[in-house]
Each structure stands twice: as structure tokens, then as C-alpha cells.
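Take a look at the structure set out below.
Quick note on labels: first sequence line is chain A, next is B, and so on, each numbered from 1.
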There are 2 protein chains.
Amino acid sequence: MLSRASKYAILSTLFLAQHSSEERKISVKEIAESIDVPSPFLAKLFQQLVRGKIISSTKGPHGGFYLSEKNKMKNVLDIIENIDGLNKINSCFMGLNECDSTNPCPVHFIVEPFKNNILGKFRDKTIMEFAKEISDKGRLLTLKDISPSFEEPHE
Amino acid sequence: MLSRASKYAILSTLFLAQHSSEERKISVKEIAESIDVPSPFLAKLFQQLVRGKIISSTKGPHGGFYLSEKNKMKNVLDIIENIDGLNKINSCFMGLNECDSTNPCPVHFIVEPFKNNILGKFRDKTIMEFAKEISDKGRLLTLKDISPSFEEPHE
DNA sequence: TTATTAAAAGACCTTTTTATCTTTTAATAG
DNA sequence: CTATTAAAAGATAAAAAGGTCTTTTAATAA
Ligand code: FES
Ligand code: FES
């Protein structure tokens, strides 16, 4: 449904929304470590997001990535569109050529409401609104393994 | 969410449920053509489904694939488990290491109800019940392009 | 018992996705 | 200016997914 590349891109962009500004730009390395994503891969994704005007960058000392005022108005679906295109996320769950209600696959009427729901979520809020909401609600933004270890090392 | 392999396997097995029997076994070639799937690839999948006791086969003249009485009691989730394993379909939509409500990703509470819904659908009916339901409801079981052409060729 | 049929098995190939590495460009601090 | 910093660009590589082909095995009809 979403490529790993899109997932990385969404999490990283939301991370930028929460932690960067024009005065506080963030390097690929820092973001890659924070959300636990391979940094050369993320660097490639960021190049593409910059070209797609989803995020911004400057080179040199204190350079890095950040969101301009225009960038802040984009939404999560713009990120997905930029990385995967829209076909992938709109495609039929069972792989039929067309996902539509006139020729539905066996699970179409379960999938469609969900798809509308999540596409709405990704479209109807700006990156900044989305980022605020998830920080208010305490949603996770890292791929790091956070599961507690079975026993604390002790004496 | 589902690999193409799983999708092929599900559609093909449902096709067997609808069209085959111990007296009327069906060859890979026939199924592959009916649902428009590459036949050598489907042959590999079927080998695996036979080993997993999801479908049955016999070699030789009038041989082919069919569902035994035991096979008919399996469900769609058994197919998915056999091809993809269960991890893939249970994984987090955003790629987090764990999908659970205590450490939810930004879309967890949209995804979870859908996932329960569709997993229920795949688990609570036998292959035969599922196959009957979709034929009653007229759901599509082919990957063929069925979209009407823009204009009929004429004089 | 032989020829034929169709699956099983396993080697192999191609494409896509994911990931890495090296060189170049641009910004800026000193 | 010059050294340094960090992204851009682009080549390359590794892994996974998807797909094909050839040989072997088993069933059966003639
Ligand atoms: S037709 Fe399959 S999900 Fe819509
Ligand atoms: S934690 Fe992401 S879907 Fe459940």
C-alpha cells in the first residue's frame, strides 16, 4: 500500500515539522538517526522531496533541511504522491485492474471506506496540523525498536 | 499489505472452489488464463499451496488441481499465511516495528478497525463459504482488464 | 508396457526496491 | 580568499519480488 520509501519520507517530513525551522535546519544524519532510517537512502528521498517542493534545504555550514512557509501548507498525500505516485495507494486490495464499486473485488466494500478515511486524513490537514495533532496525542514517529527489554540488567 | 503472490493464490484458490471438484480437476494453464496470471508463476504458488495442504493435486491425464473435503474447510487467511506469513499483513501501516495500541503510529486507530474487519472476513468463513458469497454477490475474480473500450470498431 | 499427460522440483533470469558510495556544488565562517 | 560544511548528483550494489524454463516424477489411457 505504501512503499518503505514513502513511509520514511512521511516520518522524516513530520519530524522536520516538529523539530526544524529556518533558523534550525537539520542534517540528514541527525534525522536518519532519530527515526532510525538508513541515511544515504533518506538523503536520496530528501533530494526528491526538495525537487518536489515538499521540503527545503540549504548547503554549507549550518545548512540542512527545513520547511518553508509554503512547505508547511503541503499535506501528507503530497509526500506520497511525490514518492510513490497516487496509483499505488488507490489500487485494488486484491490486485484487480480497477478499484471501483461497479466491478468490485471480494473485499472492495470493506477496503473502500478505510481508504477514503485514511486518504482524507492525509489530505485534509497540512503537514503542520498533522504534526501538531500527533505530538498532542503522543503518537510515535520513529522506526526504532521501543519494546521494553524482558529484564533490566542489574547486580 | 498483500504480496502479488498472495493475491494470485487467493483468487486462484477461490476459482478452484467455484469451478473444480475431485471429478473435475483443473490445470494450471486453465486457471492462469481464466484469472490472467502468469502460469509458470502460478504453478510455483500451487506447489507451495499443495505442500501447505490448502489445495490438492494429481498428476497425469485428467490430473490437475482441486479442493479435497479437508481443503474446503480452510480459510483465506490460511492462504495468506502459507504464502506471505502472517507478519506482513499484521504489520504497521507506517512501518513501525510493532503495531499495537500502546505505542500507536499516527494512523494506527484508523488502520486497526479496518485490519480487524478484513482479518475477520478472511478468517471467519471457509473457502467454500467465501467463494459462494462472492459468487452470490457477483464479485469479480479475475485480473483481466474488464473496462469497456472507448469505441467499438465499426464501419 | 508404453505413450501421454500434467504436476513437482529446482535452476535460472529480470525487474523493482532498497541501500551505499564517491564526486561535485554551494553556502558560510574565519 | 580559503577551509569547512552539508546537500546534490549520479554511479553502483545488494536484496527481494516477480517471473521463466528445463528436467523429473507420477498417473493413466491405450
Ligand atoms: S475493487 Fe478491490 S479494493 Fe476496490
Ligand atoms: S502502529 Fe501503525 S498501524 Fe498500528
Inset, instruction - Could you check how far CZ of B:F41 sits from P of C:dG10, rounded to whole Å? - result: 18 Å

Inset, instruction - Please check the phosphate of C:dT18 (OP1 and OP2 only) for any side-chain N or O of A:Y8 closer than 4.0 Å. - result: no

Legend entry - Side chain B:N71, main chain B:K53, donor-acceptor under 3.5 Å: yes

Inset, instruction - For B:P38, report the nucleic acid contact type (base, sugar-phosphate, nothing); a contact means any heavy atom under 4.0 Å. - result: sugar-phosphate

Legend entry - A:T142/A:D36 under side chain to side chain donor-acceptor pair (under 3.5 Å): CA gap, chis, key distance, verdict: CA-CA 7 Å; A:T142 178; A:D36 199 32; over 6 Å; no

Inset, instruction - Could you check how far CG of B:D84 sits from P of D:dA16, rounded to whole Å? - result: 15 Å

Legend entry - Any donor-acceptor N/O pair under 3.5 Å between D:dG10 base and A:K44 side chain: yes

Legend entry - Separation of atom CD1 in A:I83 from atom P in C:dT17, rounded to whole Å: 12 Å

Legend entry - Integer-rounded Å distance: C:dA29 C1' and A:K25 NZ: 14 Å

Inset, instruction - Take atom CD of A:Q48 and atom C1' of C:dA19, then tell me their distance rounded to the nearest Å. - result: 15 Å

Inset, instruction - Determine yes or no for a side-chain-to-main-chain donor-acceptor pair under 3.5 angstrom, with A:K115 supplying the side chain and A:N90 the backbone. - result: yes

Inset, instruction - On the 0 to 90° scale, with breaks at 30° and 60°, tag the B:F122-B:F130 ring pair as parallel, tilted or perpendicular. - result: tilted

Inset, instruction - Taking atom types as modelled, find out whether A:S68 and A:E22 have a side-chain donor-acceptor pair closer than 3.5 angstrom. - result: no

Legend entry - Nucleotide D:dA17, atom P - distance to CG of B:L42 in whole Å: 19 Å

Inset, instruction - Round to a whole Å and report the spacing from CZ of A:F46 to P of C:dA19. - result: 15 Å

Give me, pair by pair, the N or O atoms of the protein and of nucleotides 5-7 of chain C that are less than 3.5 Å apart, along with how far apart they are.
| from | atom 1 | to | atom 2 | distance (Å) |
| --- | --- | --- | --- | --- |
| C:dA6 | O4' | B:G60 | O | 3.2 |
| C:dA7 | OP1 | B:V28 | N | 3.3 |
| C:dA7 | O3' | B:S57 | OG | 3.2 |

Inset, instruction - Mind checking ring-ring contact (aromatic ring centres under 6.0 Å, His included) for B:H19 and listing every partner two or more places apart, or none if nothing turns up? - result: B:F15

Inset, instruction - Using a 4.0 Å heavy-atom cut-off across all strands, classify B:S3 as base, sugar-phosphate, or nothing. - result: sugar-phosphate

Legend entry - side-chain N/O B:R51 vs C:dA8 OP1/OP2, d < 4.0 Å: no

Legend entry - Phosphate OP1/OP2 of C:dA19 contacted by A:R4 side-chain N/O (<4.0 Å): yes

Legend entry - Interatomic distance where CG belongs to A:D36 and C1' belongs to C:dT18 [whole Å]: 15 Å

Legend entry - Pair B:S6-B:D84, side-chain donor/acceptor within less than 3.5 Å: yes

